[in-house]
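Structure record follows, encoded as structure tokens.
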Number of protein chains: 2
Amino acid sequence: MIIDCKKAAQELRKADNILILTHANPDGDTLGSGFALLRALLKAGKKARLINNDEINKKFSYLWEGTECHDFKEEFIVSVDVAEKKLLGDGVCAQYGDRVNLSIDHHGISRLFAENTFCESESASCCELIYFVIKEMGIAIDPQTASCIYTGMSTDTGCFRYSNVTPRTHRLAAELIEAGADHSRINVRMFETKTMNNIMLERMCLDSLRSYADGKIALIAVTKAMLNECGTDKSALDAIKPITRQIEGVEIGITVKQEEGDKVGVSIRSSESYDAAKICANFGGGGHARAAGCQFSGKTVEEVSGIVVDYIVNTVIK
Amino acid sequence: MIIDCKKAAQELRKADNILILTHANPDGDTLGSGFALLRALLKAGKKARLINNDEINKKFSYLWEGTECHDFKEEFIVSVDVAEKKLLGDGVCAQYGDRVNLSIDHHGISRLFAENTFCESESASCCELIYFVIKEMGIAIDPQTASCIYTGMSTDTGCFRYSNVTPRTHRLAAELIEAGADHSRINVRMFETKTMNNIMLERMCLDSLRSYADGKIALIAVTKAMLNECGTDKSALDAIKPITRQIEGVEIGITVKQEEGDKVGVSIRSSESYDAAKICANFGGGGHARAAGCQFSGKTVEEVSGIVVDYIVNTVIK
């Protein structure tokens, strides 16, 4: 059933021994939402714990600092920022996917899986909704909880940069700073910290940068040798992928990267004029209109770069 | 005389044939402040125009789009975001520096030069103060003016990222979005667009990156030859300056750049543990605690780098 914020707060107020589920490959919004809710529930005297299918990056450690972990048989399960149950990750989905009592989310309601769902797709982050649920429960927001909520709001909006930001987003940010959210430290940690190794990788990627179609296409190629030389793993590539699209005049940015075995992955970011998902679908991949991906086997980075650029130049841009 | 917002608004309401001065090497805050004020004054039926000592980067063109330029003998001169008169730039300072009637600024009041000064150093941007002055004058903020004010607020806070952001900053951003500020496009333009030439410069700067004091200090050196080779001017360096401070473990980031004639400029960004303004004051410069600058004459980039690093290693870090 679709429910509103008030009903979601009522459900949580009635419940105890609460298990909080976050989505796999966890980001700042699912973790910020989950740990904010955990802190609020503990403060209200309930037993609660949070689990994630995957390892959590240590840059998020401040979210759970100082919380105690309860061991109990779960009686109520709530998921946060999880659009469909398979996004819980294989293990967590198999164990709990069909037993979720409440889903709090901001992705849209096309694949309902919980008994009750409180969802506002126009909310920039799930954390904005968690803020209102905690307020509705009558639990005061302490500085640590404020920092959790701020983290999701900031990371899901590129630090208040994207078009999903609304006046409400800014007003909540103001309240969270007043409640003690450690905003500037969080932003340094989330957005401004690169390891020296990542900087070296960035330099090598810029060295590999090529452009085509009068500058409409830019391509960066990353080999395993480059990652090894910089002492970084493929997670460092998240910072590389946006580079091509940020170049003035570039409509289609391509990152080609050597992966496990004989696999080569392709990430495409596009402007509003082109559909990255359609381009990738041509090679058996998919994704969003502005950001998509596909994978090749048995080809070199150089060969894949040529195939993808040729297709785009001859068929997409024309 | 130090005056408050109400008195500043009164002075502007009384005035006509108003010349608005912005600081040399103009950034988003001085231009956002200046063009917001220009639009408001024109809307109030006054004659006004804005000048800058230097060429204005074309990425800011939306700030003045649709404004008409009046030609008149100036009767009232107002400067915005100008901390001391020499920052007007040589030409403008010589012509108008001693005739400024009103200074609206957020840098602090150590070097007063105007007849009246309205300054709040705890304000994240000068644009925040301009918002209140325009409101106080009783002039409605239209979408274009909202975009001007938003530009200065966003650029002077690294898009709401830095520690200078206050709850007020976020609440004003909410009001400006409601007033029609084109926030996400402005942010793409200010933060996510780089020319291919700037990318090349970034690559060369990363090649020049060195670190000292167990990685607490990082330094980038930029020569005129590098700028020439990349076909960029010194305004491209704005994107370079934050790089050093983003490296994990770096407390003091230094950018040394060859300037006109025999001048060499130094920009310092620091963590909360160090005071960039104090470091620069030692060399006759100044600025904010987290971002400051100074200038040398008759020395090479290499020599200046050595002097600044030696001073920091021996006196500041210890």
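These numbers were taken from a predicted model, which means no experiment stands behind them. In what follows, every chain begins at residue 1, and chains take the letters A, B, ... in the order their sequences are listed.
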Q: Would you indicate whether A:Glu302, at its atom CD, is surrounded by more than 12 heavy atoms from other residues, nucleotides or ligands within a distance under 6.0 Å?
A: no
Q. Could you state the interatomic distance from CG (A:Leu206) to SG (B:Cys205), rounded to the nearest 0.5 Å?
A. 11.0 Å
Q.
Tell me the closest heavy-atom pair linking A:Glu248 and B:Thr195, and the distance in Å.
A. OE1-CG2, 3.0 Å
Q | Pairwise distance CZ(A:Arg171) to CD1(B:Ile177) - rounded to 0.5 angstrom | A | 9.0 Å
Q) Does B:Val188 reach the side chain of A:Gln246, with side-chain heavy atoms less than 4.5 Å apart? A) no
(Q) I'd like to verify something: which residue of A:Met204, A:Arg161, A:Lys194, A:Arg203 has the highest number of heavy-atom pairs under 4.5 Å with chain B? (A) A:Arg161
Q) Taking the six-membered ring for Trp, is the centroid-to-centroid distance between A:Phe160 and B:His183 below 6.0 Å? A) no
(Q) Using side-chain heavy atoms (C-beta onward) and a distance below 4.5 Å, is A:Ile199 in contact with B:Ile247? (A) yes
Q. Where does B:Leu172 contact chain A at under 4.5 Å (heavy atoms): side chain, backbone, both or neither?
A. neither
**Q.** Proximity of residues 139-159 of chain B to chain A, residues having a non-hydrogen atom under 4.5 angstrom
**A.** B:Tyr150, B:Cys159
Q | Atom group of A:Arg185 that falls short of 4.5 Å from chain B, counting heavy atoms | A | side chain
Q. Relative to chain A, which segment of B:Asp207 carries a heavy atom at a distance below 4.5 Å: side chain, backbone, both, or neither?
A. both
Q.
Using a 4.5 Å heavy-atom cutoff, which residues in residues 214-228 of chain B come close to chain A?
A. none
Q: Salt-bridge test for A:Arg245 and B:Glu192: reply yes if a basic N is under 4.0 Å from a carboxylate O, no otherwise.
A: no
Q | Heavy-atom pair with the smallest gap, counting every atom of B:Pro167 and A:Ala174 | A | O-CB, 3.4 Å
**Q.** Other residues, nucleotides, ligands: >12 heavy atoms within 6.0 Å of A:Glu122 CD
**A.** yes
(Q) Counting only non-hydrogen atoms closer than 4.5 Å, does B:Glu175 touch chain A with its backbone (N, CA, C, O), its side chain (CB onward), both, or neither? (A) both
